[in-house]
Protein chains: 2
Amino acid sequence: MTEKTGPPGAPRRMRADAQRNVDALIKAARAVFDTSGVDAPAKEIADLAGVGVGTLYRHFPLRSDLVKAVVESGIDACAAAGPQLSAVHEPGEALAEWLRQYTEFLGTKRGLAPALHSGDPAYEALPGYFLEKVGPALTALLDTAAADGAVRDDVSAHDLLYAIANLCMPVPGEGPEYNQRMVALLIDGLRTPHQGVSSGD
Amino acid sequence: MTEKTGPPGAPRRMRADAQRNVDALIKAARAVFDTSGVDAPAKEIADLAGVGVGTLYRHFPLRSDLVKAVVESGIDACAAAGPQLSAVHEPGEALAEWLRQYTEFLGTKRGLAPALHSGDPAYEALPGYFLEKVGPALTALLDTAAADGAVRDDVSAHDLLYAIANLCMPVPGEGPEYNQRMVALLIDGLRTPHQGVSSGD
DNA sequence: GAACTATACGGAAAGGCTTTCCGGTTATGC
DNA sequence: GCATAACCGGAAAGCCTTTCCGTATAGTTC
């Protein structure tokens, strides 16, 4: 991230038009990513945002920084939903529903998941951010559900977050429902009391 | 694929040196992909194979064609292991072990899985090829296991193949064991008799 | 409200990678 | 051994990201 509203005591403040452009760029990027995928040329994004490429790169030195920014905004939204759900539903339900939403977020932004998993070191920090943001929420959901006996207790939030992120990778002939279905399958596994792969019939 | 040993009645035969170069290129590509990842410059591969880039592109017009060729050879190896395993182990075991090997294949070639799932239309045909090659073997394993009551019957070989391929995506801080563990979790889900995500207690 | 300065802007240039093209080379058939 | 057509290598073209720099403008001071 570049420079949001200055932290207390920060010597520099971002110029208003700059901030405006940053916002416009993130918004444009989100739109273009949806339309043309994350590999769309930077110029397309700059054009949509009504700025030059120079401006884009001023704020997001690496192309991947822009992707990161877009993802982070999505993550924040996800994180917010956690406590909310657990307030309304019972533990098992809350967990399942939260995972469903999470799956949807990742599945819808086609092309995002592949980029995140492209091995580009730029994205390595992202899951950490993700974990930091939603980890506590998910951990809480998991703990409650586990205490309730609804799920096994040997799978961490970390495990689950990554595994689901992987299961959300688009599959050529299939739509997001496929991903949902596979996540559901994984969750059924989660509900299995510790079977182990080769512990027999 | 380009032009293997001519099909019966094919009017053209590939020149000997051309065939040699094709082989060298695939071999070189496999090596380079292991070393520098699938995004390594084409020149690196051409150099290792001892040919010019022109030659590389003559045989593999798109960069992705080379990746495809490498993957296909890996797929063939996997396919061969299927019947062999089911001959030696009992159904459930055979399935689990096969999936384990499959996971290993995908997990080891880091960078390959991301490329395959990059959304590049060039790779869309690949899973089809995969399915065609190992689908029958896996289907057989699944059917036997299902008849045995060891696994549920509403998940197809197709579903599983893709889902596992996704779960094999590398995760920054983790090694292949992580992927194995998550695949195991999915398989536990497979062993659950049809629970459904939100039909819980 | 006008002038000044630092910050930000836009687009052109640079650099790198894939893909195309073409003159030279080499295998193959006579 | 010669003719011919397939093939080779590397240089050129094209596209994209990233850098650079002269110009415009927000914010500040008088």
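Below, chains carry the letters A, B, ... as their sequence lines are ordered, and counting in each starts from 1. Here the structure is a predicted model, which is why all the values come from computation and not from measurement.
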Is there a side-chain polar atom (N or O) of [X] under 4.0 Å from OP1 or OP2 of [N]?
X	N	answer
B:H59	D:dC7	no
B:T55	D:dC7	no
B:N21	D:dC8	yes

Heavy atoms from C-beta onward define the side chain here; which of D:dC8, D:dT18, D:dC16 lies closest to that of A:P41?
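Nearest listed nucleotide: D:dC16.
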### Task
Under 4.0 Å between any heavy atoms, over every strand shown, what does A:V53 touch: base, sugar-phosphate, or nothing? Just pick one.
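If one applies the 4.0 Å heavy-atom cut-off, A:V53 turns out to touch a base.
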Worksheet item: How would you label the contact of B:R63 with the nucleic acid (heavy atoms, under 4.0 Å): base, sugar-phosphate, or nothing?
Response: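 Result for B:R63 = sugar-phosphate.
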Could you tell me the separation between the [atom1] atom of [X] and the [atom2] atom of [N], rounded to a whole number of Å?
X	N	atom1	atom2	value
A:Q19	C:dC9	CD	C1'	16 Å
A:R15	D:dG27	CZ	P	7 Å
A:Y57	C:dG10	OH	C1'	15 Å
A:E44	C:dG11	CD	P	17 Å
B:M14	C:dA27	CE	P	15 Å
A:I45	D:dT18	CD1	P	11 Å
B:D39	C:dG16	CG	P	17 Å
A:D17	D:dA26	CG	C1'	6 Å

Check your understanding: Is B:D17 salt-bridged to B:R20, going by a charged N under 4.0 Å from an acidic O?
Key ->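 Here B:D17 does not pair with B:R20 in a salt bridge, since their nearest N and O are not under 4.0 Å apart.
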Presence of salt bridge, A:K27 and A:D23, under 4.0 angstrom
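Salt bridge: no.
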Is there a side-chain contact between B:F60 and B:I26 in this structure, where contact means two heavy atoms from C-beta onward sitting under 4.5 Å apart?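 Heavy-atom side-chain distance check passes, below 4.5 Å.
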task = Using the closest heavy atom to pick a nucleotide of DNA chain D for each, name whichever of A:G54 or A:A40 lands nearer the 5' end.
result =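 The residue whose closest nucleotide sits nearer the 5' end is A:A40.
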Do B:R58 and B:N21 pass the side chain to side chain contact (heavy atoms under 4.5 Å, CB included) test, and can you show the C-alpha distance, the side-chain angles, and the key distance before you say yes or no? CA-CA 11 Å; B:R58 162 175 302 278; B:N21 281 334; over 6 Å; no
Can you check side chain to side chain contact (heavy atoms under 4.5 Å, CB included) on B:M14 and B:H59, steps first, answer last?
-> CA-CA 11 Å; B:M14 189 177 238; B:H59 296 300; 4.1 Å; yes
